[in-house]
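Read the structure below first, then the notes.
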2 protein chains.
Amino acid sequence: MAIAASISSRVIDAVLGQRLAPDARLGEQQLAALFGCSRTVVREAMIDLAGRGIVTVSPRRGWYLTAVTDVFARELYDARLIIETGLLRQLGARGGRLDGAEIARLRAHLDAQHTAVQGADVGRRSHLLGDFHVCLARCLGNGVLAGKLRDLTVLTTLYTMRHQTPGDARRSYEEHVGVVEALAAGDAREAEARMARHLGTWELKTTHARGPDPLEGLRRALAPPAGLPRDHATTP
Amino acid sequence: MAIAASISSRVIDAVLGQRLAPDARLGEQQLAALFGCSRTVVREAMIDLAGRGIVTVSPRRGWYLTAVTDVFARELYDARLIIETGLLRQLGARGGRLDGAEIARLRAHLDAQHTAVQGADVGRRSHLLGDFHVCLARCLGNGVLAGKLRDLTVLTTLYTMRHQTPGDARRSYEEHVGVVEALAAGDAREAEARMARHLGTWELKTTHARGPDPLEGLRRALAPPAGLPRDHATTP
DNA sequence: CCCCGGTTTCTTGTATGCATGATTTGAATA
DNA sequence: TATTCAAATCATGCATACAAGAAACCGGGG
C-alpha cells in the first residue's frame, strides 16, 4: 500500500512542479508499467487522488488531471483565504507565538524559495512557493487543515497553469517574507493581515479574468494576428 | 463505481446516526456480502474513507472506524471553528446575505431538527444536528469547504460518541435557530458571533475532559463505588 | 495451573482475467 | 470529397485467485 501512496505523492509533486498540466491523461497501464506494479495499486492511488479532487475519472475512458473551472477556482481561493487567515487569527486570539524552531524552519524554507526565485527552474520555483503555505499551516499546528491546504494548493496550481497569471514570483516571495517576519516579531495579527493581502491580490488577478466565456481557450488560440490584414479570409 | 460511493455514504450515515462506534470493524468480506459486490469495490470505498480520515487500516488485520484521540479532536474543533466562522465572516465582509430560498431551506432543516430533538430516535437527532452545519456551509456557497466540513462532522461524531458529552440536544438546536435567525435578518456578523459561541461551548466541554490521562476509560470504569467500604478488597 | 511452541484459520495485499463500453479506424457509398 | 456504419482496438470496471502475514487455537511441558 506504500506504493500507492508513493504514486499519489509523485503525481502531486509533478503538478506542483508544473510537469503535468490539467487534462493530462494518467493511464492505469502506463503508470503500472512505470512504477512496476499492477493496475490494482495504480487504481488505489487514482481513487485517493480523485477523493481529493486532483484527478477526475471519465468512465471507461480514463483518469485525467482535473481541469479547474473559473467558478471552482473562486471557491478554491475563498477556501484558502479562510483557512490560512483563520489559522493566523486563531494564533493571535490565543496570544500564542511560534517558537524558535518553527521560525527557523520557515526561514529555511524562505531561503530555498529565494534561491529558486533567482534560478531558472520554473517548476521548482512554483513548487516551493506553493509549498510554503502548507509548511506554514503545519507550523501553526493544525495537521487537518494543513493537509486540506496541500490539496487546495495543488488545485490552485492546476488552475494558474492554464490561466497563466503574471507569475510574479519575486513579489510572492517577498510577501511570504513579510508574513514570516511578522510572526517572528510575535505579531500574529499583522501576519494575518499580510496573508490576507497576499492571497487577495491573487484573487484579484483571477477575478478580472472571469466572466462566462467558455470559448476562452479557442478565442485566444484563434485570435487574428494584431496589425495584419485578413488577407486570406474565406469570405471577403 | 457508484456502488463504492454508496458504501462510503452508508458508512458515513451510520456514523452520523451513531449506529457505528469508533473501532468498529469493517471487514471487506462482510461488506462485500452485504452489498452484493466483490471485495474490490468495498476496497475502493475503504480507500476513499481512509483518505478522509474516517477509517483506518491496520495492515493485514482489517479496516476500523478511526478512534479519534483527544489531541486530534482539538484539531478538529479548531478546524471547524475556522471554517464555519470564516464562511460567515466572508459573507459579512462582502455585504452579502442569503436569499429567500436558502433561508427557507435552512428553516426546513431546523424544523426537522426540532421534531428529532423532541423524538426518541437519538441517532436521527445526532445525524440532523451534525448535518445542519454541512447544510449551512453549502448554503454559504463553498462546496469545497462544505465537503471538508462533512468529514469533520463525521469525525466529531466519532469523538463525542466516546466522550459522551452532556448531549444537550435542545440547546444545540436553539443555538442553530439563533444563527439562522441572524442570517435571515441579514446580520452575518451576529451569525458569526453566535456560531463561534456555539462551537466554543462544545470545545469547552471537551477541553475540561482533556489532559494527558490515557487511563480515563479504565479509571472511570473501575472507580470505587462512592460511599461503600471496600469490604471485598483482596489485600486487607 | 500457567506458559510456550507450532499449526490453523482468517484477514488483507496484489496480480490477473474477462466483460463492457467508448473511441478510432477503415472502407464503402452518396 | 464528405459521410456513414461496422469492426477492431483500447481503456476502465469488476470479480476472482493466490500470496503473505497476523491472530487465534491447541497441544505439550514445566
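All chains are named by letter (A, B, ...) in the order of the sequence lines, taking the proteins before the strands, and each is independently numbered beginning at 1. Just so we're clear, the structure is a prediction, and the values are computed from it rather than from any experiment.
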Using the rule given for salt bridge (charged side-chain N to carboxylate O under 4.0 Å, His left out), can you reason through D70(B) versus R74(B), listing the C-alpha separation, both sets of side-chain angles and the distance that settles it, and then say yes or no? CA-CA 6 Å; D70(B) 286 339; R74(B) 178 59 182 241; over 6 Å; no
Checking the side chain of E75(B) only, and the main-chain atoms of V144(A) only, is there a donor and an acceptor separated by less than 3.5 Å? yes
When rounded to the nearest 0.5 angstrom, what is the spacing between CG in L129(B) and NE2 in H109(B)? 9.0 Å
Run the side chain to side chain donor-acceptor pair (under 3.5 Å) test against H176(B) and tell me which residues pass, sequence neighbours left out. Q113(B), H133(B), H198(B)
Residue whose nearest DNA chain C nucleotide is more 5′ - V41(A) or W63(B): W63(B)
What integer distance in Å separates Q29(B):CD from dC10(C):P? 10 Å
Heavy atoms under 4.0 Å is the rule here; annotate nucleotides 16-24 of chain C 5' to 3' with B where the base is hit, S where only the sugar-phosphate is, and - elsewhere. BB-BBSSS-
Lys/Arg N to Asp/Glu carboxylate O, D121(B) vs R125(B), below 4.0 Å: no
In whole angstrom, give the distance that lies between atom CD of E28(A) and atom P of dT14(C). 16 Å
Run V154(A) and T157(A) through side-chain contact (heavy atoms from CB on, under 4.5 Å) and show every step you take. CA-CA 5 Å; V154(A) 173; T157(A) 301; 5.7 Å; no
Just how far, in rounded Å, is P of dC14(D) from CD1 of I47(A)? 9 Å
Taking the side chain as every heavy atom from C-beta outward, state whether D168(B) and S172(B) have any pair of such atoms under 4.5 Å apart. no
Indicate yes or no for a side-chain donor-acceptor contact from T66(A) to the backbone of G53(A) under 3.5 Å, with no hydrogens or angles considered. yes
From OH of Y64(A) across to P of dT12(D) the rounded distance in Å is 8 Å
Listing time: all N or O pairs from protein to nucleotides 8-10 of chain D that are below 3.5 Å?
none

